[in-house]
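Reviewing the structure listed below.
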Amino acid sequence: MNAPAPRMPCLFLGHGSPLNVLDDNPFTRTWQRLGRELPRPRAILAVSAHWCTHGVGVTAMVQPPTLHDFGGFSREMFEIQYPAPGSPALAARVAQLLAPKDVVQDHAWGLDHGTWSVLCKAYPAADIPVVQLSLDMRRTPGQHLQTGRQLAPLRDESVLILGSGNVVHNLMTHRRGEAFAYDWAERFNDQVRERLLAGDHEALADDAWLGDAGRLSVPTPEHYLPLLVVAGAAGADAPTVEIDGVLGGSIGMLSVSFGRH
């Protein structure tokens with residue numbers, strides 16, 4: 001009799017600049033290490049900061065395109081392809097788990113840079129099916145946490161749930177290439193890490209505690225919400241901080257796994 005597949009961990013990765021895909025640094029090496037160390041998933045469900053919708057969508061095509069959803073970079077960035085297959089079956093399973101919420105089976109999006117920039121490092125062969133789930137911007141932080149809870153059974157089906165964003169993400173104050181962190185960015189990053197390590201996911205989804213540091217660190221919610229989906233899927237599983245740091249003043253690179261040990 002075949003042994004049951006191991007329960008997959010789930011991950012939140014601080015993806016930072018798309019240019020990380022061309023770089024070799026402590027963050028990209030962490031993503032590479034995770035790709036080597038984690039059990040090999042049957043498929044990946046990615047929740048990226050860069051697919052924001054009214055309603056919920058899930059990519060349902062056999063071959064999702066690589067989206068170059070940015071501007072101002074070199075031609076080399078626009079030539080990158082991540083030709084991972086899709087999985088209509090996983091897309092349908094996601095809709096089943098999120099019922100009665102309507103989930104659009106989308107054939108127009110693809111894999112945006114929040115997804116492929118980290119997967120290029122973690123799984124460079126691009127041979128694991130990838131499906132993206134959109135962020136419904138009409139839903140509250142607490143509802144995103146609940147979405148993760150509803151998706152948690154996928155972990156027992158050898159699916160890696162991956163959130164990609166940044167705990168701290170303020171481009172208006174960012175100073176690219178400078179090695180420092182604003183006090184408010186460090187303070188908020190520390191608060192989030194402490195709540196993760198304490199397993200206090202409800203506090204992470206409560207806007208009331210954000211305060212001034214939170215409002216500066218999360219001026220818009222899309223880079224923060226993937227963390228809540230992953231925290232919901234994690235349940236009571238213990239977190240591991242894989243790497244941390246704030247770049248250019250106000251881009252947080254905190255990356256956390258759940259259920260590895």
Side-chain angles (χ1 to χ4, degrees), residues 3-15 27 30-49 58 87 90 93-94 96-98 114-115 118-119 121-123 128-133 135 139-168 188-206 209 221 223-245 252-261:
R7 189 175 201 229
M8 287 299 300
C10 48
L11 293 176
F12 173 79
L13 300 181
H15 68 242
F27 304 103
T30 295
W31 307 338
Q32 290 169 330
R33 174 177 57 78
L34 288 168
R36 293 191 303 268
E37 292 179 355
L38 296 182
R40 180 177 171 85
R42 173 179 64 83
I44 297 168
L45 179 65
V47 186
S48 164
V58 64
S87 175
L90 175 56
R93 176 66 172 140
V94 168
Q96 181 185 50
L97 290 170
L98 296 183
T115 293
V118 295
L119 291 184
K121 298 294 187 177
Y123 301 104
I128 299 171
V130 182
V131 167
Q132 271 202 216
L133 179 72
L135 295 170
R139 308 201 87 193
T140 66
Q143 288 172 321
H144 282 87
L145 192 65
Q146 178 59 27
T147 292
R149 291 172 179 149
Q150 290 175 256
L151 294 171
L154 293 174
R155 298 178 56 198
D156 294 312
E157 300 169 19
S158 297
V159 176
L160 173 65
I161 299 174
L162 166 69
S164 177
N166 296 99
V167 166
V168 178
F188 181 74
N189 191 73
D190 289 348
Q191 288 176 323
V192 170
R193 186 180 62 249
E194 288 166 8
R195 283 161 173 79
L196 284 170
L197 292 174
D200 192 357
H201 299 164
E202 294 293 341
L204 291 171
D206 183 0
W209 69 265
H223 277 76
Y224 185 79
L225 293 175
L227 172 65
L228 298 182
V229 177
V230 172
D237 281 353
T240 299
V241 174
E242 302 291 350
I243 196 166
D244 199 358
M253 297 296 289
L254 177 65
S255 293
V256 184
S257 64
F258 299 85
R260 287 194 65 196
H261 306 294

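Scope of the values below: all heavy atoms of this structure, side chains included, with no hydrogens, waters or symmetry mates.
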Do Leu196 and Leu254 touch side chain to side chain, with heavy atoms closer than 4.5 Å? yes

Anything under 3.5 Å between a donor and an acceptor, one on a side chain of residues 6-13, the other on a protein residue two or more places apart or in another chain? List them.
unit_1	atom_1	unit_2	atom_2	d
Arg7	NE	Asp156	OD1	3.3
Arg7	NH1	Asp237	OD2	3.0

Nearest non-hydrogen partners of Pro153 and Leu97, listed with the distance: CG-CD2, 4.1 Å

Verdict with reasoning, Leu135 to Val47, per side chain to side chain contact (heavy atoms under 4.5 Å, CB included): CA-CA 7 Å; Leu135 295 170; Val47 186; 3.6 Å; yes

Closest non-hydrogen atoms of Ile243 and Phe27, given as atom of the first, atom of the second and distance, are CD1-CD2, 3.6 Å

Interatomic distance, CG@Leu228 vs CZ@Arg149, rounded to 0.5 Å, equals 10.0 Å

Give, for atom CD of Gln96 and atom CG of Leu90, the distance between the pair rounded to the nearest 0.5 Å. 11.5 Å

For Thr140, enumerate each residue passing the side-chain contact (heavy atoms from CB on, under 4.5 Å) test, keeping only those at least two apart in sequence or located in another chain. Gln143

Determine, stepwise, if the pair Thr115 / Ile44 fulfils side chain to side chain contact (heavy atoms under 4.5 Å, CB included). CA-CA 10 Å; Thr115 293; Ile44 297 168; over 6 Å; no

Check the angle between the aromatic planes of Phe258 and His201 and answer parallel, tilted or perpendicular using the 30° and 60° thresholds. perpendicular

Applying side chain to side chain donor-acceptor pair (under 3.5 Å) to Glu194 and not counting sequence neighbours gives none

With a 4.5 Å cut-off on side-chain heavy atoms, are Leu133 and Leu151 touching? yes

I'd like to know if the side chain of Ser87 and the backbone of Pro129 have a donor-acceptor N/O pair within less than 3.5 Å. no

Heavy-atom pair with the smallest gap, counting every atom of Ala233 and Ala152: O-CB, 3.7 Å

Derivation of the side chain to side chain contact (heavy atoms under 4.5 Å, CB included) call for Arg42 and Val159: CA-CA 6 Å; Arg42 173 179 64 83; Val159 176; 3.3 Å; yes

Do Tyr123 and Val130 have side-chain heavy atoms sitting under 4.5 Å apart? no

Distance check, rounded to the nearest 0.5 Å: His144 atom NE2 versus Leu225 atom CG? 4.5 Å

Shortest non-hydrogen contact between Tyr224 and Val167, atoms and distance: CD1-O, 4.1 Å

Could you pull out the closest heavy-atom pair between Gly165 and Ala49, with the gap in Å? CA-CB, 4.2 Å

Side chains of Leu154 and Arg93: does their closest heavy-atom pair fall under 4.5 Å? yes

Between Gly114 and Ser164 the two heavy atoms that sit nearest each other are O-OG, 2.5 Å

Among residues at least two apart in sequence or on other chains, which ones pass side chain to side chain donor-acceptor pair (under 3.5 Å) with Thr147? Arg139

Is Gln132 reaching over with its side chain to a backbone N or O of Ala46, donor-acceptor style, under 3.5 angstrom? no

Is any side-chain heavy atom of Leu162 closer than 4.5 Å to one of Leu119? yes

Just so I know, are the side chains of Leu45 and Val94 near enough to count as touching, which here means a heavy-atom distance under 4.5 Å? yes

Check the pair Leu145, Val229 against side chain to side chain contact (heavy atoms under 4.5 Å, CB included), reporting the backbone distance first and the verdict last. CA-CA 5 Å; Leu145 192 65; Val229 177; over 6 Å; no

For Arg33, check side-chain contact (heavy atoms from CB on, under 4.5 Å) against everything at least two apart and list the hits. Thr30, Arg36, Glu37, Glu242, Arg260

Residue pair Val192 / Leu227, side-chain heavy-atom distance below 4.5 Å: yes

Taking ring pair (Phe, Tyr, Trp, His ring centres under 6.0 Å) as the definition, give me every residue that meets it alongside His223, ordered by chain and number, with sequence neighbours left out. His15, His50, His169

